[in-house]
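Below: the structure, in structure tokens.
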Number of protein chains: 2
Amino acid sequence: MPKEARPGSGEQAKQYALERLRKAILQGEMAPAQRLVENELAESYGVTRASMRAALLDLTSEGLVERIRNRGSRVRVVTVEEAVEITECRMALEGLCAAKAATEATDAQLDELAGLGKAMSKAVADGDPVTYSELNHDLHALIRDISGQHTAVGLLERLNAQLVRHRFQLALRPGRPQQSLSEHLALIEAIRARDPQAAETAVRAHLSSVIDALRAD
Amino acid sequence: MPKEARPGSGEQAKQYALERLRKAILQGEMAPAQRLVENELAESYGVTRASMRAALLDLTSEGLVERIRNRGSRVRVVTVEEAVEITECRMALEGLCAAKAATEATDAQLDELAGLGKAMSKAVADGDPVTYSELNHDLHALIRDISGQHTAVGLLERLNAQLVRHRFQLALRPGRPQQSLSEHLALIEAIRARDPQAAETAVRAHLSSVIDALRAD
DNA sequence: GCGAACAGAATTGTCAACGATTCTGTTTTC
DNA sequence: GAAAACAGAATCGTTGACAATTCTGTTCGC
């Protein structure tokens with residue numbers, strides 16, 4: 001039986017490298033536009049270059065990494081205009097998910113939503129933007145999950161991955177959590193009322209305010 | 001200078017194999033769920049197995065091919081439910097594009113739209129569903145183009161690729177082109193009137209009728 | 001006869017070395 | 001002194017062979 005901690009090669013190695021690098025990029029450990037050299041990364045993660053290469057190709061098709069022929073890979077930088085465009089797509093797709101969620105949710109799921117709402121209110125009251133940001137993410141994920149829209153969920157996950165840097169900056173802006181909170185509570189209420197139209201409107205209103213905030217950079 | 005006809009290997013070879021295989025799948029030359037053996041394909045396209053393999057990986061991330069570890073690749077079959085889900089996503093994203101197109105279009109582009117509308121009317125009057133289907137595709141592409149929404153366009157192209165088989169079946173259904181035509185003309189008029197709200201509504205109405213048709217399989 | 005174990009074939013997955021391309025700093029030429 | 005030419009280094013791209021896995025048809029035990 002192979003040691004399972006960190007397989008030096010093979011499919012598992014690729015997955016391992018993929019997830020570690022993705023996490024590193026998402027958590028901002030890699031400077032924007034930083035060069036990603038296959039050999040260095042492979043060595044530092046303890047995998048072969050082939051595995052690392054495959055991981056980089058995957059991240060490229062996820063839109064997190066940019067690669068130029070014979071010049072290597074770099075972490076992709078998302079401009080503000082791109083972030084706005086991406087958020088507009090989220091508006092459309094999350095609107096769809098929210099509307100579906102409003103008609104499809106079970107009672108247990110509605111309770112879960114209410115719980116998240118309370119937790120978010122508390123985080124804002126406590127002045128804890130980091131926790132709030134995490135709960136925010138959880139809420140959107142839960143709604144996507146309830147909607148049961150596999151295709152939309154897949155697209156949204158790709159889109160969200162590209163926004164982490166901007167999202168992070170946004171959450172720390174003073175006053176932002178308060179506005180965001182009230183929009184989210186409205187969304188939760190709309191779904192709990194099983195009103196798809198209102199849910200979609202609430203999502204769009206929320207993301208519209210996100211776009212305004214993005215543009216105010 | 002390398003001969004440009006059909007390089008046996010390298011990046012160009014991958015692109016060549018990629019496009020030929022994609023075309024073959026989209027045109028239905030590959031039976032649904034047909035096995036795609038790397039060696040066979042590589043030989044028949046005159047490229048190395050490595051290039052073929054890379055092409056298959058690309059198609060996998062486009063959602064056209066399914067691959068199972070150590071078992072090979074097969075053309076992915078899209079069930080009716082999936083087709084519905086995908087069309088719901090298109091509804092959201094094309095709605096966004098249509099609304100943007102209504103506000104962003106230049107006069108020249110509006111004329112182009114009108115021209116396409118006339119051509120589509122003619123194709124229906126002539127009872128030519130194949131031409132109509134192509135014009136249909138052109139219309140959606142033009143609207144996406146006008147919208148200038150890079151991100152949404154990218155997502156939509158991926159989604160559309162997965163639907164070709166269903167789309168094809170749909171176009172040949174008696175009576176379908178007539179209904180489709182009137183919906184498209186309404187959409188064109190809404191954009192020409194520079195009315196984003198009406199344009200989005202028209203797109204949604206159209207795709208909603210596509211969903212009904214899909215479900216009536 | 002029927003299911004389990006087993007060898008052989010087919011297919012994909014992985015690797016390490018080699019080849020090609022691009023960048024960088026230096027030299028040469030005008 | 002500036003632009004062009006060039007060599008050297010760094011890095012990615014490709015190849016062909018080998019290893020690992022899965023499938024298939026056959027045999028064996030009951």
Side-chain angles (χ1 to χ4, degrees), chain A residues 1-21 24-25 30-76, chain B residues 1-21 24-25 30-76:
Chain A
M1 185 179 293
K3 57 177 182 298
E4 58 191 333
R6 197 192 303 184
S9 70
E11 177 70 12
Q12 295 177 313
K14 188 196 93 178
Q15 293 299 358
Y16 173 79
L18 179 65
E19 283 175 33
R20 259 194 77 175
L21 180 53
I25 294 177
M30 303 294 188
Q34 172 168 349
R35 280 196 71 192
L36 302 172
V37 177
E38 293 180 358
N39 264 326
E40 291 175 10
L41 290 174
E43 191 165 355
S44 91
Y45 291 156
V47 302
T48 64
R49 185 160 81 97
S51 301
M52 199 64 238
R53 188 184 175 73
L56 283 169
L57 285 172
D58 275 21
L59 286 175
T60 302
S61 76
E62 284 181 33
L64 283 179
V65 162
E66 201 175 27
R67 81 196 327 263
I68 311 168
R69 192 186 153 83
N70 286 319
R71 296 241 293 139
S73 314
R74 302 186 310 187
V75 321
R76 196 178 141 225
Chain B
M1 185 180 296
K3 58 177 181 300
E4 58 191 333
R6 197 191 304 184
S9 70
E11 177 69 13
Q12 295 178 314
K14 189 198 91 177
Q15 293 299 358
Y16 173 79
L18 179 65
E19 283 175 32
R20 261 194 75 175
L21 180 53
I25 293 176
M30 303 294 186
Q34 172 169 348
R35 281 196 69 192
L36 302 173
V37 178
E38 294 179 357
N39 263 326
E40 290 175 11
L41 290 174
E43 191 165 356
S44 91
Y45 291 156
V47 301
T48 64
R49 182 160 83 95
S51 301
M52 199 64 237
R53 188 183 175 72
L56 283 169
L57 285 172
D58 274 21
L59 286 175
T60 302
S61 76
E62 283 181 32
L64 284 177
V65 161
E66 200 175 26
R67 87 196 323 262
I68 310 168
R69 194 186 149 82
N70 287 317
R71 296 239 293 136
S73 314
R74 302 185 312 188
V75 320
R76 196 178 140 226

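Naming convention: chains lettered A, B, ... in sequence-line order (proteins, then strands); numbering from 1 in each chain.
Rounding to whole angstrom units, CZ of residue Arg74(A) and P of dT11(D) are separated by 15 Å. If you measure from atom CG of Asn39(A) to atom P of dG13(D), you get 12 Å, rounded to the nearest angstrom. Taking atom CD on Glu43(A) and atom P on dA16(C), their separation rounds to 13 Å, with Å as the unit. Summarising the geometry, the separation between CE on Met52(B) and P on dT14(D) is reported as 15 Å, rounded to the nearest angstrom. Rounded to whole angstrom, the span from the CD atom of Glu38(A) across to the P atom of dA16(C) amounts to 15 Å. If you measure from atom NZ of Lys14(B) to atom P of dG13(D), you get 10 Å, rounded to the nearest angstrom. For the pair Arg53(A) CZ and dG13(C) C1', the interatomic distance rounds to 16 Å; values are reported in whole Å.
In this structure Glu19(A) satisfies the salt bridge (Lys or Arg N to Asp or Glu O under 4.0 Å) test with no other residue, sequence neighbours excluded. Under the side chain to side chain donor-acceptor pair (under 3.5 Å) criterion, Gln15(B) pairs with Glu11(B), not counting sequence neighbours. Remark: Glu38(A) engages Arg49(A), Arg53(A), Arg67(A) in a side chain to side chain donor-acceptor pair (under 3.5 Å) (not counting sequence neighbours).
Remark: Asn39(A) CG to Ser44(A) OG distance equals 11.0 Å, nearest 0.5 Å. Distance CG/Leu56(A) to CG/Leu64(A): 11.0 Å, rounded to 0.5 Å. Note that OG of Ser61(A) and CG of Asp58(B) are 8.0 Å apart. Values are rounded to the nearest 0.5 Å. Taken to the nearest 0.5 Å, the OG1 atom of Thr48(B) stands 12.0 Å off from the NZ atom of Lys14(B). Considering CD1 of Ile25(B) and CE of Met30(B), their distance stands at 6.5 Å, rounded to 0.5 Å. Once rounded to the nearest 0.5 Å, the distance linking CE of Met52(B) with CD of Glu43(B) reads 12.5 Å.
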Are any protein N/O atoms closer than 3.5 Å to N/O atoms in nucleotides 6-10 of chain C? If there are, list each pair with its distance.
none

Please tabulate, one pair per line, each protein N/O and nucleotide N/O from nucleotides 20-24 of chain C that are separated by under 3.5 Å, including the distance.
residue : atom : partner  : partner atom : Å
dT21(C) : O3'  : Asn70(A) : ND2          : 3.3
dC23(C) : OP1  : Arg71(A) : NE           : 2.6
dC23(C) : OP1  : Arg71(A) : NH1          : 3.1

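Contacts of residues 55-68 of chain B with DNA chain C (heavy atom under 4.0 Å): Arg67(B).
Looking at Arg76(B), its side chain never comes within 3.5 Å of a backbone N or O of Glu66(B) through a donor-acceptor pair.
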Should Leu18(B) and Leu59(B) be marked as a side chain to side chain contact (heavy atoms under 4.5 Å, CB included) after you check the CA-CA gap, both sets of side-chain angles, and the distance that decides it?
CA-CA 7 Å; Leu18(B) 179 65; Leu59(B) 286 175; 3.6 Å; yes
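Each of dC12(D), dT15(D), dT14(C) was ranked by its minimum atom distance to the side chain of Ala50(B); first place goes to dT15(D).
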